[in-house]
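For the single chain, residues carry numbers from 1 onward in sequence order.
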Amino acid sequence: MAISKRQRLVDATLSRLLGQAPALHGYSAERVRTPMRDGVRLLGDHFAPHTDRPHGTVLIRTPYGRGLPTSALSGRLFAARGYHVLLQSVRGTFGSEGEFTPMAQETEDGQDTVAWLREQPWFDGRLATLGASYLGWTQWTLLQDPPPELRAAVIYVGPHDFREAVYGTGSFTLGDFLGWSDQIVHQEDGGLRRVLSLATAQRRLRPALGGLPLAAAAEPVLRGRAPWYREWLAHPDGDDPWWEPYRAGSALTTADVPILLIGGWQDLFLDQTLQQYEALHSRGVDVALTVGPWTHLQVALHAAGTVSRESLAWLDQHLAGGPAARKSPVRVHRTGEHAWHELPAWPPPSEPVAFHLRAGRRLTTTGPDGSEGVAEFRYDPADPTPSAGGRTLTGSMGVKDNRALEARRDVLVFTTDPLPTAVDVIGSPVLELTVSVDNPHADVFVRLCDVDPAGRSRNFTDQHRRLDATLPAGARQRLTLTLDPCFHRLLAGHRLRLQISGGAFPRFARNPGTDDGGLAATRHTVDIAGSRLDLPVAVAPPSPIRSLDD
């Protein structure tokens with residue numbers, strides 16, 4: 001079906017907003033059905049450029065529908081610049097046949113889709129994949145056994161190991177994956193029903209987040225329409241072979257095509273994006289990395305212009321034989337400074353600087369003098385320590401002022417004096433924490449914040465850990481907690497603050513303190529002299545390439 005004059009005007013407006021050059025071609029769109037090996041047919045939209053010399057084909061596989069914004073930002077945008085685009089709804093969603101089984105179904109369906117592409121008269125043997133989040137997951141499943149036609153991939157905020165995202169801390173990532181399941185349940189509701197489900201999500205989910213057991217508490221909300229949620233909760237063990245279809249980590253050893261990775265410092269999947277870069281870079285794969293000051297959702301909103309420009313440049317280079325897409329392989333935003341940096345690799349050089357916990361809730365570079373003693377707090381699962389921002393998909397997201405959280409009696413804080421000079425933190429801080437708990441069923445949550453002269457305390461990296469419940473109560477535990485990667489400048493006059501608490505609810509499922517369905521409080525005792533924060537500090541600060549007021 002040919003594109004209307006009105007649609008061409010909309011496309012032109014979007015191109016200007018995204019900072020793209022004008023369209024090169026007209027295009028048409030038609031609905032297609034792709035058969036899978038079991039007879040199920042997947043519904044898709046084929047955007048075809050009006051040119052005798054197309055650049056190749058871009059495959060996008062999504063569970064979120066083929067309408068806005070994906071059709072505009074990917075289908076129409078790329079077709080108008082010379083690419084065939086197949087925008088396909090995955091099994092069980094938006095007109096595609098079959099039952100939706102999140103993540104576990106995509107490996108075979110992706111390969112079957114490529115087999116179908118080979119038979120199409122418009123397919124010239126040049127293939128790229130593209131997309132964010134779940135759309136990134138579908139790419140990693142295909143990259144486990146890369147088809148010979150695949151020339152490039154563009155993956156935004158996409159995981160390669162879903163089990164790690166769900167249970168990597170030892171606790172169930174409750175808020176995100178209950179919220180996501182609720183979104184999927186309602187995403188095909190029509191009109192007003194869809195609007196109402198979005199508007200009431202926070203209120204509707206509150207009883208499901210706070211109830212126990214988690215699976216039963218969620219049923220009044222999910223109403224049997226998300227059977228996968230109960231299955232995830234039923235398989236907490238990381239060694240359980242049940243999770244095998246949810247893991248595509250083998251792609252990090254088999255992928256050999258040029259891959260562009262785009263992430264955000266406050267994205268749910270940041271750790272996996274950087275693992276992907278490290279694994280591919282170490283093997284000599286042509287991999288590029290962009291990380292901005294974004295949450296998961298902001299990559300599709302605030303970063304839309306950056307993402308579309310970098311994606312098109314990557315495709316033009318690797319499918320169409322265009323010029324080099326980038327000046328440097330790595331492009332990262334340094335938070336706290338609001339500036340972008342171009343680097344030859346990630347991370348740039350750094351050296352650890354030890355910060356010691358001291359009496360009086362101080363954090364200093366001078367070692368303990370033996371009089372520090374201990375610091376204690378009591379975690380009560382009936383009033384769980386709340387989460388404030390962080391790397392989340394739903395709820396409170398990103399960088400937040402933590403002062404209300406830090407005022408709670410169940411949160412310890414240790415703070416430096418105002419810094420005499422700026423300090424650039426690069427990579428993953430490590431906290432060596434010596435702690436004992438009077439209840440073996442316990443968690444630890446730690447976070448670093450940047451405290452400005454006005455007293456605002458803003459998070460920039462954290463970590464959660466479920467403790468080993470087989471250790472006896474009162475046992476002295478020496479924990480090595482590797483916090484999330486970061487690239488942050490603490491300005492002169494600012495202070496560094498360390499938080500220690502017993503949870504971050506509902507971001508992570510609270511530890512009830514028992515294994516019998518009841519609730520029991522836990523007292524955490526931190527050995528101050530036996531704990532230390534190692535901060536990776538820049539050896540030589542890189543120069544910014546431009547300022548950014550995000």
Can you pull out every salt bridge (Lys or Arg N to Asp or Glu O under 4.0 Å) where at least one residue sits in [range]? Sequence neighbours excluded, please.
{"range": "residues 427-442", "result": "Glu432-Arg478"}
{"range": "residues 293-308", "result": "none"}
{"range": "residues 439-451", "result": "Asp443-Arg466, Arg447-Asp462"}

Residue list, side chain to side chain donor-acceptor pair (under 3.5 Å) with Thr273, at least two apart or on another chain
none

According to side chain to side chain donor-acceptor pair (under 3.5 Å), who are the partners of Gln499, at least two apart in sequence or on a separate chain?
Asn402, Glu406

Test of ring centre spacing under 6.0 Å for [X] and [Y]:
{"X": "Phe508", "Y": "Phe172", "answer": "no"}
{"X": "Phe162", "Y": "Trp232", "answer": "yes"}
{"X": "Phe505", "Y": "Tyr379", "answer": "no"}

Partners passing salt bridge (charged side-chain N to carboxylate O under 4.0 Å, His left out) against Arg403 (at least two apart in sequence or in another chain):
Asp401

Residues that Arg206 engages under salt bridge (charged side-chain N to carboxylate O under 4.0 Å, His left out), provided they are two or more places apart:
none

Would you say CD of Gln183 has more than 12 non-hydrogen atoms from neighbouring residues, nucleotides or ligands within 6.0 angstrom?
yes

Option passing side chain to side chain contact (heavy atoms under 4.5 Å, CB included) with Leu289 (candidates Ile259, Ile262, Leu274, Leu260):
Leu274

Among Ile500, Thr461, Leu479, Leu412, exactly one meets side chain to side chain contact (heavy atoms under 4.5 Å, CB included) together with Val446. Which residue is that?
Ile500

Ring pair (Phe, Tyr, Trp, His ring centres under 6.0 Å) against [X], all qualifying residues, sequence neighbours excluded:
{"X": "Phe78", "value": "none"}
{"X": "Tyr156", "value": "none"}
{"X": "Phe377", "value": "His524"}
{"X": "Phe445", "value": "none"}

Could you tell me whether Arg326 and Glu310 have a side-chain N and a carboxylate O separated by less than 4.0 Å?
yes

Is the shortest side-chain N to carboxylate O distance from Arg458 to Asp452 below 4.0 Å?
yes

Please tell me if the side chains of Leu533 and Leu496 come closer than 4.5 Å, counting only heavy atoms from C-beta onward.
yes

State, with a plain yes or no, whether a side-chain heavy atom of Phe177 is found less than 4.5 Å away from one of Leu268.
yes

Would you mind telling me which of Arg358, Arg532, Arg362 makes a salt bridge (charged side-chain N to carboxylate O under 4.0 Å, His left out) with Glu372?
Arg358

Hey, are [Y] and [X] close enough side-chain-wise for a donor-acceptor pair under 3.5 Å?
{"X": "Glu376", "Y": "Thr525", "result": "yes"}
{"X": "Arg476", "Y": "Ser436", "result": "no"}
{"X": "Thr129", "Y": "Gln139", "result": "yes"}

Determine whether a donor-acceptor pair (N or O, by modelled atom type, separation under 3.5 Å) exists between the side chain of Arg391 and the backbone of Asp267.
yes

Checking the side chain of Gln298 only, and the main-chain atoms of Gly292 only, is there a donor and an acceptor separated by less than 3.5 Å?
no

Does Arg163 make a cation-pi contact with Tyr246 (under 6.0 Å, within 45 degrees of the axis)?
no

Parallel under 30°, tilted from 30 to 60°, perpendicular over 60°: which one fits the rings of Trp265 and Trp346?
tilted

Among pairs that include at least one residue of residues 420-441, which meet ring pair (Phe, Tyr, Trp, His ring centres under 6.0 Å), considering only residues two or more places apart or in two chains?
none

